[in-house]
Structure formats: structure tokens, C-alpha cells
Amino acid sequence: MVCRYCQKEPDIVVAIPEICEQVDLSQSPFSCVSCALEQGIYCPIHSQPHMIFQPHGRTACRFCIEHEAMALYRTVDDLLIELRSINHGEIVKLLAASAVVMMSLGLSPAMTICR
Ligand SMILES: [Zn+2]
Ligand SMILES: [Zn+2]
């Protein structure tokens, strides 16, 4: 298992996060930790490879997402309550868009929006 970027064989390999359209079978799907850090696809705080998100292929650490979601939760929850009385239609649309995630992960509307 060779690192795509430095061509060395690392002890610890990181799977490079890619969406289907980006996969090039002629290239290694792995990176070493130091190249992954350089590429911005590995979290230096949590020592975790990033996950990839559709449709733009942006990547992020799931623990960082969790951390930020927890930090935002109260603000978003308060905001939803305030906005509900001002623009009920838009809030209903926003909640409907997040309903699939809410159901599959068992999250509240505010936490789904934070994530
Ligand atoms: Zn490397
Ligand atoms: Zn992280």
C-alpha cells in the first residue's frame, strides 16, 4: 500500500476521502499520515481521516463536526424558536429537508441543522 503523494510505503495508511466521480483506479487510494495532513484530509486534533460530503467533495473530521454541532446547538435551538413565529413557512421547509437525517440518526431538528 503506497502513499499516492510521496510514493513511500507507510506503517499507517489513511484512506483518501473521495466521491465516486473522483476515483482514479490507476492511483493509490491511500496516503501516509504526513501527506494526508499536508493535503488537509486528516484531522491533526483528533488524528482521524476526514469524511467526504456530497455534492462538492468537501471533507471534514466527524469529531470536529460533532464538537461544533454541540457548540452551536443552543444558538440554533433558540433561533429556530424565534424564527418560527417570524417565518413559519421557511422553517417548515428547512425542517422537512432535514427530516431524513433526523429520522435515521434520531436527532432533534436543531441538532440536524447544526450538523
Ligand atoms: Zn506520503
Ligand atoms: Zn477533528
Side-chain angles (χ1 to χ4, degrees):
M1 289 191 269
V2 168
C3 169
R4 178 186 298 180
Y5 306 106
C6 68
Q7 314 304 323
K8 289 179 192 150
E9 271 195 47
D11 296 333
I12 300 167
V13 292
V14 177
I16 297 170
E18 290 175 303
I19 50 179
C20 287
E21 297 77 37
Q22 294 175 324
V23 172
D24 176 357
L25 294 175
S26 66
Q27 290 192 309
S28 168
F30 300 107
S31 169
C32 68
V33 171
S34 80
C35 287
L37 281 167
E38 262 177 46
Q39 297 292 321
I41 56 171
Y42 193 84
C43 176
I45 300 163
H46 299 105
S47 301
Q48 287 288 320
H50 280 188
M51 291 166 57
I52 193 157
F53 297 92
Q54 301 276 23
H56 303 297
R58 290 170 62 188
T59 71
C61 163
R62 66 193 169 101
F63 294 102
C64 284
I65 292 172
E66 218 52 53
H67 183 80
E68 283 187 35
M70 293 307 286
L72 277 173
Y73 178 76
R74 281 252 51 94
T75 309
V76 171
D77 202 35
D78 290 346
L79 211 59
L80 281 178
I81 292 164
E82 256 178 64
L83 290 176
R84 201 166 286 191
S85 59
I86 300 166
N87 193 341
H88 190 257
E90 286 302 313
I91 295 300
V92 168
K93 272 195 243 170
L94 186 60
L95 295 179
S98 66
V100 176
V101 182
M102 281 162 54
M103 282 189 286
S104 61
L105 298 177
L107 299 168
S108 71
M111 188 50 90
T112 306
I113 291 161
C114 290
R115 286 167 69 105

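This chain uses plain numbering: 1 for the first residue, then up along the sequence.
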Are Tyr5 and Val13 linked, directly or through intermediate hydrophobic residues, by side-chain heavy-atom contacts shorter than 4.5 Å (ILVMFWY only)? no
Calculate, to the nearest 0.5 Å, the distance between atoms CG and OG1 belonging to Leu80 and Thr75 respectively. 11.0 Å
Under the side-chain contact (heavy atoms from CB on, under 4.5 Å) rule, collect the residues that match up with His67, sequence neighbours excluded. none
So does Leu79 have more than 12 non-hydrogen atoms from other groups sitting under 6.0 Å from CG? yes
Return the SG to CD distance between Cys32 and Gln7, rounded to the nearest 0.5 Å. 10.0 Å
Please report the interatomic distance SG(Cys3) to CD1(Ile12), rounded to the nearest 0.5 Å. 13.0 Å
On a heavy-atom basis, which atom in Val14 and which in Pro49 lie closest, and how many Å separate them? CG1-CB, 3.6 Å
side-chain contact (heavy atoms from CB on, under 4.5 Å) between Cys61 and Tyr42: does it pass, once the steps are laid out? CA-CA 7 Å; Cys61 163; Tyr42 193 84; over 6 Å; no
Write down the atom of Ala60, the atom of Ile65, and the distance for their closest heavy-atom approach. CB-CD1, 3.9 Å
Inter-residue atom distance Leu83.CG - Asp78.CG, 0.5 Å rounding: 10.5 Å
Short side-chain to backbone donor-acceptor contact, Thr59 and Ile41, under 3.5 Å: no
Output all residues satisfying ring pair (Phe, Tyr, Trp, His ring centres under 6.0 Å) with Phe53, sequence neighbours left out; order by chain, then residue number. none
Quick check: do Leu37 and Pro44 have side-chain heavy atoms less than 4.5 Å from each other? yes
Distance (rounded to the nearest 0.5 Å) between Cys64 SG and Met51 CE: 12.0 Å
Would you mind writing out the side-chain donor-acceptor pairs for residues 18-30 within the sub-3.5 Å range, not counting sequence neighbours?
from  : atom 1 : to    : atom 2 : distance (Å)
Glu18 : OE1    : Arg4  : NH2    : 3.2
Glu18 : OE2    : Arg4  : NH1    : 3.1
Glu18 : OE2    : Arg4  : NH2    : 3.2
Gln22 : OE1    : Ile19 : N      : 3.1
Asp24 : OD1    : Ser26 : N      : 3.0
Asp24 : OD1    : Ser26 : OG     : 2.7
Asp24 : OD2    : Ser26 : OG     : 3.3
Ser28 : OG     : Val2  : O      : 2.5
Ser28 : OG     : Phe30 : N      : 3.0
Ser28 : OG     : Phe30 : O      : 3.4

State the NE2-CD1 distance between His50 and Ile16, to the nearest 0.5 angstrom. 13.5 Å
